[in-house]
Amino acid sequence: MTIIYPEMNKRIIFSILFGAALAGTSSFAQAQNAETYESLMKKGNDKFSAKDYISAKTYYEMALKQKAGDATAKQKLNETVKKIQEDGERQEIFYAHLDEGDMLNRQERYEEALAEYEKALAVFPNDKYVSAQAEAIRAILKERKDKQDAFDTAMSQGEALLTEENYDAAIMQFEAAIEIFPTDKLPKERLAEAQKQKQLYTDKLNLFDKLVNDANNLGLRKNYQAAIEKLNQALELFPDDVTAANKLREMQNAQDVSNRYDAIIAQADKLYEDKAYKEAKAQYQSAMLVVAGDAYALDMIARLDPLIAEQDAEEAARIAAEQEAARLAAEAEAARIAAEQEAARIAAEQEAARLAAEAEAARIAAEQEAARITAEQEAARLAAEEAARIAAEEEAARLAAEAEAARIAAEEEAARQAALAAAEAERQANINAILDAANELFVNEELAAAKMKYQEVFAIDEGNATATAKIKEIDNIFAQQAAELQQNYDNAMAAGAQALSAEDFATAISKFGEALTYKPNDEAATTQLAAAQKLEDDRIAALRVQYNAFIKEADAQYKTNVFDKALDNYAKAEELGLETYPTEMISRINEIIEANKLYELNNQTIALAAGQAQRFEFNKIEIAVRRSNYIVIKVRNPHPEKTFPMIVSFGGEGGKNGGFVLPITATDEEKTFVFRVGAQYKWFSEDNTWIEIISENNDVEIGLVEISRGN
């Protein structure tokens, strides 16, 4: 089943499709046969004066059939078509402002929505729906203005109080603003900021008090540096605090006194440790000038007085001891000189004894050298006799070795001859094995492997006749195969070139790829394949541009529930065959329309003869959902050799209100038309209760007829 989605360009609806919309009713058909040119023109003029331009156009067209080429009828027809076009443009403008107003209204952008509704009312001043919407917004805006004034006052006062660090009062103002607009984010954010700043101020004040208190405690413990650091931190928080500044100066003065005192005491203590008691006492006395009556300095001075007295006594004893030590040293030096003189005498006697011992040793060595020479001469004689004996034994051994070597050589020659015979037999066996393996490959048509195997024989038996013959046979087969490959390659290249010329790029790509299977890496085939691929890519890219444009427009229309236009664009995208997404979206929209069905007016096959009208009645539809209404009609052409228009009109108790034309094409396949009838102002503004279908010139079969809504 094919689905047709007529485009909803309103100018086309009113100037082309709608041109013959209502001309084909049975009463018009009868009038055409019974009425004169004059009566038809009069009726057309009456309808024109009543601003029923669609009916007027029908009468003027029938008058032209009575009097072909009539200038008056042509002029009136042209004026009527122009009026229809103008009405279409006015409706297009009206709906554009109405749709924009509804969207802005849903977004609570009331001032902008009201402006759009007022623009719509400028086109149709008496439209009840738009008037009601505009009035409701004016009431909302008035209420909002009163609230806004109170809100703005609370917010501005809150900001001013926050700047003055009057946090509690600022918090009250922001809370009042939240009560006015509970969903507004700004007062909540400013309230949170005021609460945060209040908490920060409280934390800051608590920290300041703690730092000052800590500084007082440290000062009592004479830890002036730590106290000063605490006070500096406190003044960073509140630089203008007088109490903290005075306390800081007090601590700094105390630290100066403490530092001077500590320096003197440290030097005095060091002198005390080094037992420089008199110098230490002087420093302790200096410390008392800095801190009068210092208990520690007084205590150390009292401790030093007996130590100084003791040190004076020790100094006198040291001098007496040094004098006694000098006397004892002189006596020791005299004793040392006497000892050195006795040692020199003993050394002279020892040197004389050494010289006598050396003379005796020389005599004994001369006697031992003479005995050694006599022994060496006897040993030489015995060695000569032993050498002669050994030479005789070696000659005998040489002759025996030569005889043994001759025997071994004879045995080795016999073994070599036997090995040559065995090697020849093995070589022949290897040749036969290689030939057997090559023959098996040849039989299995593994010709390249067989040729390589035959060539292995030449390494053992150069010029082997069997191998030479088989290799020649294989080369002949290869030549034949190469000719076939070349022919296949030529055929593929020719087919590819033909497809490329015909802009059948997909076939060209396939054929050039096939050519590369016959000649891998062939430059010509590779170049042609790349060219065809680029052209195909360019074609796909061009289609992709069209596809993306259709999809972008269709998606936007889908999101705004303009399903007829969305269906039309999805269908165009679907025809390009790039993706399944358009098909899926068409199915989704059809499901939405079916799920939101308001009336199923027919589900049986109705054979509608040419000129016959078929009316379907229904209860009026609430105005709130009319704008999104669609009419779905399934149609089959029983005479597929013909194309013709099928007119669909709608109306209510007061008669016809509008209509549209569906193009019936030359096919007997059932088609589904989805038409956004809610886009027509008369469907939206009037209480319509019937739909009528008429095929003016040919028979037609009507199937499903239903009214749905897009959302």
Side-chain angles (χ1 to χ4, degrees), residues 6 9-92 124 608-616 631 643-664 675 677 679-683 685-686 688-700:
N9 185 301
K10 296 182 180 63
R11 296 179 182 177
I12 293 176
I13 291 171
F14 283 93
S15 65
I16 300 175
L17 297 181
F18 206 25
L22 304 177
T25 62
S26 57
S27 60
F28 284 157
Q30 293 168 2
Q32 183 178 4
N33 295 328
E35 296 191 41
T36 64
Y37 164 81
E38 288 76 10
S39 65
L40 290 170
M41 286 295 294
K42 182 180 184 303
K43 288 182 178 181
N45 292 336
D46 292 341
K47 293 294 184 183
F48 187 91
S49 298
K51 297 184 179 180
D52 184 358
Y53 301 119
I54 300 298
S55 298
K57 178 177 179 295
T58 303
Y59 283 116
Y60 291 140
E61 287 175 339
M62 288 192 292
L64 278 170
K65 290 181 180 179
Q66 294 282 3
K67 189 183 291 188
D70 180 71
T72 302
K74 279 186 178 181
Q75 180 183 353
K76 295 300 292 183
L77 178 61
N78 290 337
E79 291 177 5
T80 304
V81 169
K82 184 177 179 182
K83 289 291 185 180
I84 292 173
Q85 290 174 337
E86 289 173 354
D87 278 353
E89 291 168 357
R90 289 177 66 217
Q91 289 187 46
E92 186 174 358
F124 293 120
L608 194 61
Q612 179 184 350
Q614 177 68 44
R615 178 172 290 194
F616 304 97
I631 293 178
T643 62
F644 51 92
M646 188 179 79
I647 301 167
V648 181
S649 57
F650 59 82
E653 293 180 358
K656 302 182 300 293
N657 290 321
F660 52 90
V661 175
L662 300 179
I664 308 303
F675 189 88
V677 69
Q680 293 198 17
Y681 181 69
K682 286 293 186 178
W683 179 273
S685 62
E686 304 296 331
N688 294 287
T689 57
W690 55 263
I691 294 172
E692 188 173 84
I693 300 173
I694 183 169
S695 176
E696 192 172 43
N697 301 315
N698 292 279
D699 299 342
V700 71

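These numbers come from a predicted model, not from an experiment.
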Smallest heavy-atom separation, L40 atom then Q66 atom, equals CD1-CG, 3.7 Å
E89 side chain to Q85 side chain, donor-acceptor N/O pair below 3.5 angstrom: no
Got more than 12 heavy atoms from elsewhere within 6.0 Å of NZ, K76? yes
Applying side chain to side chain contact (heavy atoms under 4.5 Å, CB included), can you list everything that pairs with D70, at least two apart in sequence or on another chain? Y37, L64, K67, T72, A73
Any chance the side chains of N45 and Y59 put a donor and an acceptor closer than 3.5 Å? no
Could you state the interatomic distance from NZ (K57) to CG (N78), rounded to the nearest 0.5 Å? 10.5 Å
Using side-chain heavy atoms (C-beta onward) and a distance below 4.5 Å, is V648 in contact with F675? no
Quick check for you: to the nearest 0.5 Å, what is the distance between T80 atom OG1 and E61 atom CD? 9.0 Å
Which distance, rounded to the nearest 0.5 Å, do you find between the CG of N698 and the CD1 of I664? 10.0 Å
For P645 and V661 the tightest heavy-atom approach is CB-CG1, 3.5 Å
Please enumerate all residues that pass side chain to side chain contact (heavy atoms under 4.5 Å, CB included) together with K83, with sequence neighbours excluded. F48, Y53, E86
Looking at every non-hydrogen atom in both residues, tell me the closest pair between G44 and A56 and how far apart they are. O-CB, 3.4 Å
Is a side-chain N or O of Q614 found less than 3.5 angstrom from the main chain of E692, in a donor-acceptor match? no
OH/Y681 to CD/Q91 distance, rounded to the nearest 0.5 angstrom? 8.5 Å
Identify the heavy atoms of N657 and E686 that sit nearest to each other, and give their distance. ND2-CB, 3.6 Å
By side chain to side chain contact (heavy atoms under 4.5 Å, CB included) - contacts of A610 (at least two apart): D699
Just how far is it from atom CG of L662 to atom OG of S695, taken to the nearest 0.5 Å? 10.5 Å
For G652, is there any backbone N or O sitting under 3.5 Å from a side-chain donor or acceptor partner on W690? yes
With sequence neighbours left out, write down each residue that passes side chain to side chain contact (heavy atoms under 4.5 Å, CB included) with S39, or none if nothing qualifies. E35, T36
Using side chain to side chain contact (heavy atoms under 4.5 Å, CB included), reason through I693 and M646 one step at a time and then give a plain yes or no. CA-CA 7 Å; I693 300 173; M646 188 179 79; 3.7 Å; yes
Rounded to the nearest 0.5 Å, the NZ atom of K43 sits from the OH atom of Y60 at a distance of 13.5 Å
Does a salt bridge link R90 with D87, judged by any charged N lying under 4.0 Å from a carboxylate O? yes
Using salt bridge (charged side-chain N to carboxylate O under 4.0 Å, His left out) as the criterion, list what pairs up with E38, not counting sequence neighbours. none
Testing the basics here: between S55 and K656, what is the closest heavy-atom pair and its distance to 0.1 Å? OG-CE, 3.7 Å
For K74, all residues meeting salt bridge (charged side-chain N to carboxylate O under 4.0 Å, His left out), sequence neighbours excluded: none
